[in-house]
Enquirer: 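Sending over a structure as structure tokens; questions will come in a sec.
When reading the values below, keep in mind they use all heavy atoms of this one structure, side chains included, and skip hydrogens, waters and symmetry mates.
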Amino acid sequence: MTVIKKPLPRFFSFAKNPNLSRQFMLIGVAMTLFFVFLAFFAPVFQAWGLLQDPTDFLANPIHEPPSGKHWFGTSRLGYDVFSRTIFGVQAALQVVILATSLSMFIGVPLGMLSGYLGGKLDKVLLFIMDSIYTLPGLLLSVTLAFVVGRGILNAAIAISIAYIPQYYRVVRNHTVSMKTEVFIEAAQAMGANTWQVLSRYLFFNVIQSVPVLFTLNAADAILVLGGLGFLGLGLPEEVAEWGHDLKQALEALPTGIWWTTLFPGLAMTLMVVGLSLLGEGLNEFVNPRLRKENSIRK
């Protein structure tokens, strides 16, 4: 009796035969999960007394170098840099996840409708999205931040607008290529309306690249949020945020006070690198052509 081995699911075969890009993806996953862990458990660590209140500065000396009491030192206002750096992860994730989710929930449906219906709606949406896409993302976010003001939701709205065209273009192009497939024509012949075709037959076939775009946009959004905070347009001053802390630390850097700049900047860099590695690995995971090319090279 011949025993037929079932092929492993894509994810397990992906992990079983690692190449360099997949190893980088695993590193990105580990780094991202580490920052998610810090964001969720920062309040718990504070309640246990392991972290100082990030808004408390009156009881601390100013510009104290890293020590056993203040692991990352203190800032010129007396803030504990270690506490501000850890709670900055929480603020960054809140804004970034909200911003990328907003852009995804707007861009994906618009892309599906535009690609499937075509006509004047498609031309108008293409014109609007292309106009937004030509603007620099940071400049657009800064302009919108002036309008909507500071705050987590306001910063997320200001950042999200720049990413909507990316979701729209990717999903629209997939929809245009998929709507002529036989199974779509069969569904239309059986009397399926537009909503049924979009939700049942097209949706899961055109969103394969959306997770990749989500992680890469999240990495970019962290930098945009840091830029807004550096310009004083991000979150309120009482909220621990890396960009704002870097702005405050920049004045003391020429005097040899390096720790107030190093640790928030390093945290931002590592978080961006982790999300970028995760996104590049996901791109190979969902892109069969790229996966095949890498296996041939190997």
Enquirer: Using every non-hydrogen atom in the two residues, find where Ala145 and Ala158 come nearest and quote the distance to one decimal.
Expert: N-CB, 3.8 Å
Enquirer: Run the side-chain hydrogen bond (donor to acceptor under 3.5 Å, both in side chains) test against Asn154 and tell me which residues pass, sequence neighbours left out.
Expert: none
Enquirer: Contact between Gln52 and Asn60 at the side-chain level, heavy atoms closer than 4.5 Å - yes or no?
Expert: yes
Enquirer: Indicate yes or no for a side-chain donor-acceptor contact from Arg150 to the backbone of Leu233 under 3.5 Å, with no hydrogens or angles considered.
Expert: no
Enquirer: Could you list the donor-acceptor pairs under 3.5 angstrom formed between side-chain atoms of residues 253-266 and any protein atom two or more places apart in sequence or on another chain?
Expert:
unit_1	atom_1	unit_2	atom_2	d
Thr255	OG1	Ala252	O	2.6
Trp259	NE1	Glu64	O	3.3
Trp259	NE1	Thr74	O	3.0

Enquirer: Minimum heavy-atom separation for Gly111 and Thr175, please, with both atom names.
Expert: O-OG1, 4.1 Å
Enquirer: Are Leu144 and Val142 co-members of a hydrophobic cluster defined by side-chain heavy atoms under 4.5 Å apart?
Expert: yes
Enquirer: If the condition is ring-ring contact (aromatic ring centres under 6.0 Å, His included), which residues does Tyr167 pass it with, not counting sequence neighbours?
Expert: none
Enquirer: At their closest point, which heavy atom of Thr55 faces which heavy atom of Glu238, and how far apart are they?
Expert: CG2-O, 3.1 Å
Enquirer: Show, in sequence, the C-alpha distance, side-chain angles and deciding distance for Phe203 and Met112, and conclude whether the side-chain contact (heavy atoms from CB on, under 4.5 Å) test is met.
Expert: CA-CA 8 Å; Phe203 180 73; Met112 292 180 64; 3.8 Å; yes
Enquirer: Kindly give the heavy-atom pair with the smallest separation between Met25 and Leu282, and that separation in Å.
Expert: CE-CD2, 3.7 Å
Enquirer: Is Phe45 atom CZ crowded by more than 12 heavy atoms from other residues, nucleotides or ligands, each under 6.0 Å away?
Expert: yes
Enquirer: Name every donor-acceptor pair, under 3.5 Å, that has one atom in a side chain of residues 117-125 and the other anywhere in the protein, sequence neighbours excluded.
Expert:
unit_1	atom_1	unit_2	atom_2	d
Asp122	OD1	Ser114	OG	2.3
Asp122	OD1	Arg172	NE	2.7
Asp122	OD2	Arg172	NH2	2.9

Enquirer: Minimum heavy-atom separation for Ser199 and Trp195, please, with both atom names.
Expert: OG-O, 2.7 Å
Enquirer: Between side-chain atoms of residues 88-106 and protein atoms elsewhere (two or more places apart, or another chain), which donor-acceptor pairs fall under 3.5 Å?
Expert:
unit_1	atom_1	unit_2	atom_2	d
Gln90	NE2	Ala39	O	3.1
Thr100	OG1	Val96	O	2.7
Thr100	OG1	Ile97	O	3.3
Ser101	OG	Ile97	O	2.6
Ser103	OG	Ala99	O	3.2
Ser103	OG	Thr100	O	2.8

Enquirer: For Asp220 and Tyr163, does a side-chain donor sit closer than 3.5 Å to a side-chain acceptor?
Expert: yes
Enquirer: Mind checking what makes ring-ring contact (aromatic ring centres under 6.0 Å, His included) contact with Phe87, not counting sequence neighbours?
Expert: none
Enquirer: Does atom CZ of Phe34 have more than 12 heavy-atom neighbours from other groups under 6.0 Å away?
Expert: no
Enquirer: Please work out which of the three classes, parallel, tilted or perpendicular, describes the rings of Trp242 and Phe35, given edges at 30° and 60°.
Expert: perpendicular
Enquirer: Does the side chain of Asn205 come under 3.5 Å of the side chain of Glu181 through a donor N or O and an acceptor N or O?
Expert: no
Enquirer: Taking all heavy atoms of Ile184 and all of Lys179, pick out the closest pair and write down the distance.
Expert: CG2-O, 3.4 Å
